[in-house]
Each structure stands twice: as C-alpha cells, then as structure tokens.
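Reading through the structure tokens given below for one structure.
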Amino acid sequence: MAKQLVMFISKFEANYGSRVREYFPGYSIKAITEQVSMVALAADLTKRTGAQDAIVCCAHLTKLLAKYHDKMLDVKKISAHSYRGSVFYAFGVKFLILGTTQFLVYNKQDQWLFRRYAQKITNPNFPVFPELDWRVLNPTNIDQFYEEAKSALLMSIDIETAIRKVNPAYTQMTEGRNKFSGMWFMGYPTATAKKMVPIIPIITMVGYTILLRTHDGKLVSKTGVLYINSMIDIVYMRRFNALEAPKVMQNGGYEATYFARYNAPARNYLYDTYIAMHAWLVELSRDLAFITSLFDGGYIYWKQEAEHNLAEYNAKDCHNTLWSMVHIISQWPQWAVDNYTENFRMQFPCITCGIEGFAVNQTEMTRLRVEREKLVEKNIKRLEKLVCVGFNPNSSQQVLKLMHGLGFKKAKSTDKATLADFIDSHPLYDIIGNLIKEVRKDRKAISTYFTLPLMDGRLLYELNPGGTDTGRLASKASNLWCGTQIQNQPLYTKSMYVADPGYVLNSADNAQSESRCTAYMSEDAGLMEAVESPLDFHKTNSTKFFGLKYEEITKPIRDTGKKVNHGANYNMGARVLLQTMGRKAVVQAARLLNLPRNWGLIDICEYLLQCFDNAYPDVRGKYYKEVIQEVMSTGMLKGATGWTRRCFEVPSKENKLVLNSYVAHGPQSLSVKIINKTFFEAWLYLQIEKSLLRFKAQVHDDLIWQDKPEHTASNAEWISSRMARPTTVRGREMVIPNDLKTGGSTWLELKD
DNA sequence: TGATAAGGCGCC
DNA sequence: AAAGGGCGCCTTATCA
C-alpha cells in the first residue's frame, strides 16, 4: 500500500502540485489548498488522511510553524523562503518545508533542492545532526572543556564581532603619534552612518564545537561559547585556537582577520564549509543556514535568533559548521575534493594580503580629493545655470526627466552609453551631457576612492577565493569595517598607494591572459596565431578582421578591432555592440572600412561582429557547441587544470545569457587558475619561508608585491619564470608570457 | 530612521 | 523581443 503524505499548497499554486509529486515516488499525496489557521489544525488534517508526514509548499503554514517553534519570532519580519528545508515536528506530524513550487518548471536549482529535501521524508537514512549540547564557558567548566578539546577529531570555530566607539581621549596624539594607532581608526560606526568617528572592531564572543569519539566508536560533539571580556578570555581563546585539532570554519577568512589582531591564530585550519561548497556546488548559495539545510535531516532555520540569545545562536553556528563539514566530507564527489585541494590553500595568501593592506600616502589622497571637489563645484554651478538650481546629475531619475524634457525621448536609462548617444545628438546636449558625465566621474572618485576609512594609514581589504563562479578571487572592503575592495582601483588613484619605507613595489601581469585561454580552449587556428604573434595583439586582430595590412592599422582602426574583439568574446549582439562603441565610433568605423553608405548602424555592427566570426570561426562556432554539449551531457565544465564547475543551467541559443556565462567561464577560470598556482607557490616560498617579499594583491591576471630593492631582481625572476610555465590545453602547450614592472615607489609607477 | 531595490560605474 | 562575462560599492529613491 502506498505511503500517505499530505501536501499543503496555496490554491494559486495548486496546478504545480503534480510537479512536487515527482519527488515522492511511491507516495500517495493528498493536496490541501485551504489556508489553515493553526498548526494543530494542519496536523489534524494530516492525521485524518492516515498520514504522519506533511510537506509544506505555502508561505502561510510555514510561518505558522516557525512561530509555533519559536514563540519569540516576529512573523512580519521573516521570509518563508529562508525556512526551506526545515523540518518541524508538531502534534505527532513531521512537516517538511519545501517552499514555493511555481519555479520548479524551469529552475534547475529548485528541482535539485526539492530532490534533496524530499529525501528527508523518503530516505529513512537521511542523516540528522546530533542534538546541540552547549554551555557558556566560565571558570568552573572551561578547563575541563579545554582538556576534552585536546583530543578532538575536528573543531569548529565561529566568532561574533562588534564595532565599538572609542573614547576620544584615547585617540589623542602625543609626539606626533597616537599610541593606540592600528587598534582604532576613523570609520563609520554603523553601516548607514554618515559621519566618521573613532571606532574599534572587537570580538565579543568565540564559540567552539569539538568532535569526539566515544568508547563505542560513536561520533558526538560538544559546544562551548566564550565571552571575550577580559585579557584572560583572550588568553583562553589563544589556547583553544592553538590546539592541534583540525579546524573548520564557515568562510574562515573572517575569523582569521580578527584572530590576527588578537594574536590568536587558528592552528591547522584545514576545512572550510564555505570553500568546500564553492568547490562542489558553486552556483548554489553558500550561507551557513543554507548549507546546513542540505545536510541536516532535522534542520530548522535559526538565523533569526541572533537578536534573542547571541550565545546560543553562536553555538548553533559552531555546531552546524562542524556537522555540515563532517557530512560534506562523507558525501562530496572526488572532483569536488580535487577542486577544494586546489583552491582552499588560496585562503592564506588572500588573508595576509588583506590584513597587511596597502600603505596610503594621505597627503596625495587629500590632494586628489580636493582637486576633484573643485571640479565638482565648478561643474555643478554651470549645470545649475543651464538646468535649474538643485539639479542633481547623480540622480538617474532627474537626468532622465531632463533628457525627455529636452526632446531626447528615446532615452530609457541615463547610463554611460545613453549619455554618449545624447551627447552626440545635439550641440546643446553635448554641453549638458558632458557636464553630467564629468560630475558623475568626479563624485565617483571622491566617494568611492578618496573618502575611505583607513587603518593606521593603510587600506585594508578582503580577497576571497570562494567568491566567484569562475574561480576568480572576489574582493571587498575589510572585515574590520575599513578600506574598500582592491580589484577595481582606477588608474587615477594609484599614485596614492605606496610601498612601505625601505621597500619597492613590483608587479607581474599575464599578457592577453584570457584571450590566450580562449584561443587554446577553442583551438581556433587564427586566434592561436594572433595571440602567439610577437606583433601587437589588437593590430593583428584588426588585420584579420578587416583584411588590411599591418602597416595600415591606424589607431582608430585598432580601437575598432579591440572593441569588436571584446564584444564578440562576450557574445554581444549588434545592438549592444553599438551601445558600447557609441554611435560616433560606429559611423567612423564604417567610413574607415569603406562600408556601403546606406547601411544603418545595426547593419554596421552586425558586419563588424561577422568580421570576428570570419577571422576566428571556431570560437563562436565550434567552441560554443562544445560547451553546450559538455554541459548538456555531463552537467559540468571541466578546465585544463582539472577545476570543475557543476552547472545547473541549460545553455542554448534560446538561453543566450546562460550560454554567455558558460562560454565565458572556461577562459576566465583557466586564466586565474594558472596565475593562482604561482601566486600560492611564491607566497609560500618567498613570503612565508624566506621572508623575501610581501604580496599586496592579485588582480585577476596581475600579481602585486613589495620587496627590498636588493631582492627585487631575484624575486621577479622567480615569479615571472614560474608564471610562464606551460599548461597543457587540449594537448597543446600553452605559455602565457608576463610583463614585469619593478622598483616602483607608488602603484602608479607600475603602469605604462 | 533603517532597509531594500535600482541605477550606475570602477576593475579585469 | 532581446539579452556582454566576472565582481563590489556608492547614490538615489522608496517604503514601512
């Protein structure tokens, strides 16, 4: 006899019920579409059908169950979505939250999730995490907990942090210096604060879960939470962190940043749930609650609890980090292990780069800011005269109204491309449009790059090896509430980033890194020839695109070739190419290439893209087909270094954006995997073992470091030669040469 | 007032 | 109908 199951689903989604049934083969499912007012009623309805299990696809009952489970909950504040995968027991019924069903039709991630979550009912062996066993650590129990932790098989760590305002008395300068410099800094006390005040980031609490084996071989865990209020607490934190047991954290880069400040490094940090899920299911979300929902058959969403009981919340984080890692290790496939092995180690150079940061010449920073502020002031005055007092060029809404008001009706947005079109359309537009452009650029410079909270005169940041789908590093502001991301610094800021006293700055930049990868991955003969040519890459492209001799390639033609190459690489359509090139450039290109006078702008752009396809037919032809084929048949994309991406989407000509992201993946991923190999090796040998240099950052195809002048030549040779090691791509040896720049006193000096 | 979405834009 | 890849940060506008 079929097992009974009840499905609570809103009447609006009732049609999708059949989709849900597919995930429960062998079950007889009765759908209930009426809104029940109480959990007890839902349980009663379930039991009346003879079922003991219910699946919940509607937000209404989800919220009732959440409230039933946690009476403190403010139902208005929660989203039912975050409870997906939760299992509630109430009145003798097991309720599994599955969530909304309407996207099941085409959303592969939802399909995968439903399959996974359904097993919490269909598979009696679905693992359930042990019950949380936790205590606040205090003088009566901490030493015993420490003794037990000594024999832990695995130990998770999680910290809670806070920003505290600093008494200004402690920020006074004596003899030109403040003795607490580097502990506090001028920053924003809340995420939305407008004014900088002296603040200090601190650890308020650290939690540990230890994994132990009992006499009869069972795995059990215990969790201890330590409030950090005194120096004694810090000493205990140092001792726990220094224990032999392998550590696991959820994105431990965060913890590591704080531990560095407390001189409390976590020893044997070998496991990371965040980096592990990045290695395995990179396209899925990676927050701890979501990860836990995948592995714990008894999971209940807990992230709303932080405000009620921070210590218990912290304990749950630790507990779930530990047990998630245990189950990841028992379930992930070999290729994910290989990914992890290749990528987890990048955490360490990333951490040292971010906590050391970049020294900033603050006199230069101020000079650059004041320069821009004057420009803004001048241009705003002119704009107010031309438009109206109070006109704000940073308001897209105001600018759009202005464009429409001046008769430029076709504007749909006010971005760069539209603004360029606007400027080209009328002499008056030209004046106003350029003023808008200028003010935006200057304000961007001021707000994003010249008004930065610095830590003791340094820009701090994070580099995150688990932050992107392709394996590139992601970058953002420091976890210490200062700095900003380091990978999008414009050229005009680079004069304010300087080497530390006694050091010089250096960089090694992989030349045409992604284009080389595209050439070798697609095996396009023409593109391989172009990237290997000793001549200028974009001029060479232009000869192939436009059938001209190398000597005939003028700068405007080279620029056209560059843009066409760029556009085709990302599989642009003619319309978008027109937008990015701008009308003027397209008209000019048509004239330079003697294209028929009667062609429209789109015709010209289509022709230009066709030039790329004629020159390099295997890129958008053969290679794209192969990518589609690989994803459709294996659900994965495997790169030349072995890095493998699990793909959930379906690429096709009809699904252009998905196709674009998958065809862009290969070269972007391979390029960064190649440079990261050298980044790690150089960091380990030259920085950690030999103390001969200090890395500043990796910017996708660029490594930046500082060293003492007497070590520059040998370090540069060490790094440059290894960056240029061959990689086998589809049976061919690919070498990416690099440009070395050495001996700079500022970052700007490393640029041409 | 604080949170969020959308628009815009910096880099490779 | 048409769709440029990968990121993070800042501003404006809006809403509760």
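Lettering of chains follows the sequences in order, A, B, ..., and the numbering in each one begins at 1.
- Among the heavy atoms of the strands, none lies under 4.0 Å from A:His665.
- Each of A:Tyr449, A:Tyr492, A:Phe358, A:Tyr461 was checked for a ring-ring contact (aromatic ring centres under 6.0 Å, His included) with A:Tyr497, and the lone residue meeting it is A:Phe358.
- In 5' to 3' order, the nucleotides of DNA chain B bounding all contacts with chain A (an atom under 4.0 Å from a heavy atom) are B:dG7 to B:dC12.
- Comparing C:dG6, C:dC7, C:dT11 against the side chain of A:Ala474 picks out C:dC7 as the nearest.
- Ionic pairing of A:Lys441 and A:Glu438 is not present here: no N-O contact between side-chain nitrogen and carboxylate oxygen is shorter than 4.0 angstrom.
- Within the 4.0 angstrom heavy-atom criterion, only backbone atoms of the sugar-phosphate kind lie near A:Ser413; the bases stay farther away.
- Listed nucleotides C:dG5, C:dC10, C:dG6 differ in distance to A:Thr468; the shortest reach to its side chain belongs to C:dG6.
- A:Arg645 has its CZ atom 10 Å from the C1' atom of C:dG5, to the nearest Å.
- Among the heavy atoms of the strands, none lies under 4.0 Å from A:Ala568.
- Between C:dG6, C:dA3, C:dC9, one nucleotide has an atom nearer to the side chain of A:Lys476 than all others, and that is C:dC9.
- Across all their heavy atoms, A:Thr190 and A:Ala193 have their closest contact at OG1-N, 3.1 Å.
- Inter-residue side-chain proximity for A:Leu419 and A:Lys416 is flagged as unmet; no heavy-atom pair is nearer than 4.5 Å.
- Residue-level contact check: A:Arg575 touches the backbone only, with heavy atoms under 4.0 Å from sugar-phosphate atoms and none from bases.
- At whole-Å resolution of the value, CD in A:Glu654 and C1' in C:dA1 are 14 Å apart.
- Rounding to whole angstrom units, NZ of residue A:Lys416 and P of C:dC10 are separated by 18 Å.
- Atom CD in A:Glu514 sits about 12 Å away from atom P in C:dC7, given to the nearest Å.
- For A:Lys653 and C:dA2, the NZ to P distance is 17 Å, given to the nearest whole Å.
- Using a 4.0 Å heavy-atom criterion, one finds that A:Gly567 contacts no nucleic acid atom at all.
- At a threshold of 4.0 angstrom between heavy atoms, the contacts of A:Gln397 are confined to the sugar-phosphate backbone, with no base atom among them.
- Atom NZ of A:Lys412 is separated from atom P of C:dA3 by 12 Å (rounded to the nearest Å).
- The phosphate of C:dT12 has OP1 or OP2 within less than 4.0 Å of a side-chain N or O from A:Asn392.
- Under 3.5 Å, the side chains of A:Arg472 and A:Ser669 contain no donor-acceptor pair of N or O atoms.
- Within the nucleic acid shown, A:Gln668 comes within 4.0 Å of at least one base atom, counting heavy atoms only.
- Distance, A:Leu459 CG to C:dG8 C1': 13 Å, rounded to whole Å.
- Among the protein residues, A:Thr580 comes within range of the nucleic acid bases, having at least one heavy atom under 4.0 Å from a base atom.
- Residues A:Asp415 and A:Thr418 bring a donor and an acceptor atom of their side chains to less than 3.5 Å of each other.
- Nucleic acid contact class of A:Gln698 (heavy atoms, under 4.0 Å, all strands): none.
- Residues A:His404 and A:Phe408 place their aromatic rings such that the two centres sit no closer than 6.0 Å.
- Per the geometry, CD belonging to A:Gln579 stands 9 Å off P belonging to C:dA3, to the nearest Å.
- Considering only side-chain atoms of A:Lys444, the nucleotide from C:dA13, C:dG5, C:dC9 that sits closest is C:dC9.
- Backbone-only engagement by A:Asp469 is indicated by non-hydrogen atom pairs under 4.0 Å involving sugar-phosphate atoms exclusively.
- Two rings, from A:Tyr616 and A:Phe545, have their centers less than 6.0 Å apart.
- Side-chain proximity of A:Asn660 to the nucleotides C:dG5, C:dC9, C:dG6 is greatest for C:dG5.
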